[in-house]
Amino acid sequence: MSSSPSPTKDFRVAIVGGGMCGLACAVGLARKGIRADVFEAAPKFDEVGAGVGLGPNALRALKGLGVLDAILARSEDAQQTARQMLYLSGIGAHEEVYDYNNSSVFTAADNGIGIYRPVFLDAVLPLLPDSTATHFNKRCTSISTTASGSQCIRFADGTTHEADLVIGADGIKSTSRNAVVDADKKKLQFTNTVAYRGLVPMDTLRQEGVTTPLNTRLCSFIGIDKHLITFPIKSGKIVNIVAFATDNSVPVGSVEVTGPWVEAVPQQELLDRFDGWGHDVQAMLKHLKSPSKWSIHALTPLDTFVRGKIALVGDAAHAMTPHLGSGVGQGFEDVFLLCELLGHPSTNLSNLEAVLKAYDTIRQPRANMVLERSFRAGAIYESFGKPGYSTGNEMEGHLAGQWEPIWRHDLDGDVVEAVASLKEQGSFPAVTD
Ligand SMILES: Cc1cc2nc3c(=O)[nH]c(=O)nc-3n(C[C@H](O)[C@H](O)[C@H](O)COP(=O)(O)OP(=O)(O)OC[C@H]3O[C@@H](n4cnc5c(N)ncnc54)[C@H](O)[C@@H]3O)c2cc1C
């Protein structure tokens with residue numbers, strides 16, 4: 001149990017969804033003296049047994065939320081691994097196409113880490129204080145505003161809960177999004193890309209004669225309509241593998257996935273997809289014995305993440321393709337700014353709507369910028385070999401500089417800017433910090 005301060009604010013928050021963003025938010029709010037309830041649809045908090053890459057911006061947000069040290073303490077990746085990408089040809093002898101390490105502007109501060117997702121839960125759950133109530137098997141079905149101005153959350157089991165403010169952290173298939181954005185203003189669509197995921201021990205790959213430095217580098221094997229990303233977790237002992245394949249014969253948005261978005265598939269499907277790719281790729285795929293296939297969906301950018309006293313964070317707000325490994329990092333940036341603003345001494349029940357608007361003004365354009373860059377990155381990776389994308393020089397022209405605006409963003413500057421705007425418009429007194 002953590003030593004968060006006793007709740008001091010005059011408003012109560014409900015967080016819908018206890019994934020990485022919802023839980024980071026719960027800890028961040030508790031540290032600011034704000035009472036919160038977390039409502040999770042599943043019977044327990046859970047994370048898929050896969051890795052997740054966290055860029056330097058994500059690490060700074062987690063530090064600001066007070067959870068980074070706990071994550072690093074539980075992760076064998078406390079020694080930051082070099083996060084910058086080495087691009088290699090997927091076919092032939094995997095010749096180097098472009099090394100982000102050699103970018104003229106790259107600095108050590110641009111490093112990130114890869115962690116095993118369940119480590120996040122191990123680290124964060126003990127930080128939740130008694131004042132944060134967690135409720136399971138609570139699937140939100142709708143949120144409405146009562147006559148008194150509070151938010152009423154309805155659940156699939158027929159129960160309801162009232163709070164002064166709701167944070168929708170219920171992921172890509174968010175229900176809370178329905179309370180914030182009208183149906184004609186939001187589109188969640190299949191990107192025509194599927195991703196096969198799995199973990200393989202580095203020793204196994206060495207025995208297969210793999211020579212690519214998968215234990216120390218973030219690698220992207222690129223080629224036409226397909227690419228495969230790897231990064232080391234558990235101090236390089238395990239390689240996290242995500243193999244992407246895209247059907248570019250039809251426009252994005254024209255295909256609807258009617259079955260499950262995540263399913264176990266026979267290994268042969270994966271091997272067939274990457275038939276003809278180079279040795280190290282084949283060696284990795286050979287050891288993905290029971291791969292899961294993810295139909296990658298993404299939102300078209302939302303106009304807003306906020307309505308009244310409901311704010312969206314994480315994939316609920318900006319579900320994006322994973323091609324820049326930045327989805328949850330943007331969620332952590334959302335949560336960091338939101339916690340800083342809600343915990344500000346001048347925030348109280350009377351100015352919550354203005355505070356959420358200030359959050360939206362900063363977060364909506366930035367997260368949507370990352371969403372659009374991620375989509376573009378996937379298209380570039382899967383064009384290697386096409387005219388204009390065939391050589392290292394051509395690829396460098398497309399790839400260089402794609403991460404710096406994401407990695408180097410000034411998160412504290414966001415807080416300063418939001419507080420200044422709240423003072424300027426009279427929602428915060430001009431004289432306090
Ligand atoms: C293949 C792949 C690789 C990725 N790699 C990376 C990466 O390397 N780096 C990165 O930054 N991002 C990556 N991402 C994206 C990242 O996984 C997501 O951005 C992140 O998980 C979003 O977190 P979240 O908390 O917003 O949502 P989620 O993790 O989806 O959590 C939502 C929670 O809400 C609960 N819930 C859902 N509906 C309801 C409801 N109606 N009521 C109550 N609870 C509900 C769910 O059970 C869940 O616990 C990747 C994604 C994919 C698909």
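Quick caveat: nothing in here was measured; it's all calculated off a predicted structure. Numbers here are sequence positions counted from 1. In each ligand, atom 1 is the first atom listed, and ligand 1 is the first ligand listed.
Between Asp164 and Arg35 there is no salt bridge, since no side-chain nitrogen of the basic residue lies less than 4.0 Å from a carboxylate oxygen of the acidic one. Salt bridge present: Lys63 and Asp69 bring a charged side-chain N and a carboxylate O closer than 4.0 Å.
Taking all heavy atoms of Asp334, Asp315, Leu324 into account, the minimum distance to atom 26 (O) of ligand 1 is reached by Asp315. Of the listed residues (Glu47, Gln330, Arg117), the one carrying the non-hydrogen atom nearest atom 17 (O) of ligand 1 is Arg117. Considering only non-hydrogen atoms, atom 23 (O) of ligand 1 lies nearest to Cys21 out of Gly19, Gly53, Cys21, Gly18.
Counting all heavy atoms, side chain and backbone alike, Cys339 lies closest to Leu29 at SG-N, 3.6 Å.
Considering both main-chain and side-chain atoms, Glu40 comes within under 3.5 Å of ligand 1 through a nitrogen or oxygen pair. Considering backbone and side-chain N/O atoms, Val16 never comes within less than 3.5 Å of an N/O atom of ligand 1. At a 3.5 angstrom cut-off on N or O pairs, Ala41 counts as close to ligand 1. For ligand 1, the polar-atom distance check against Arg197 finds no nitrogen or oxygen pair separated by under 3.5 Å.
Taking the six-membered ring where the residue is Trp, the centroids of Phe155 and His135 are separated by 6.0 Å or more.
With contacts defined as side-chain heavy-atom distances shorter than 4.5 Å, the pair Gln282/Trp277 qualifies.
Of the N and O atoms on the side chains of Tyr381 and Tyr87, at least one donor lies less than 3.5 Å from an acceptor on the other residue.
Residue contacts with ligand 1 do not include Gly331, since none of its heavy atoms lies under 4.0 Å from the ligand. Within the 4.0 Å heavy-atom shell around ligand 1 one does not find Met320.
With a heavy-atom cut-off of 4.0 Å, Phe45 does not touch ligand 1 at all.
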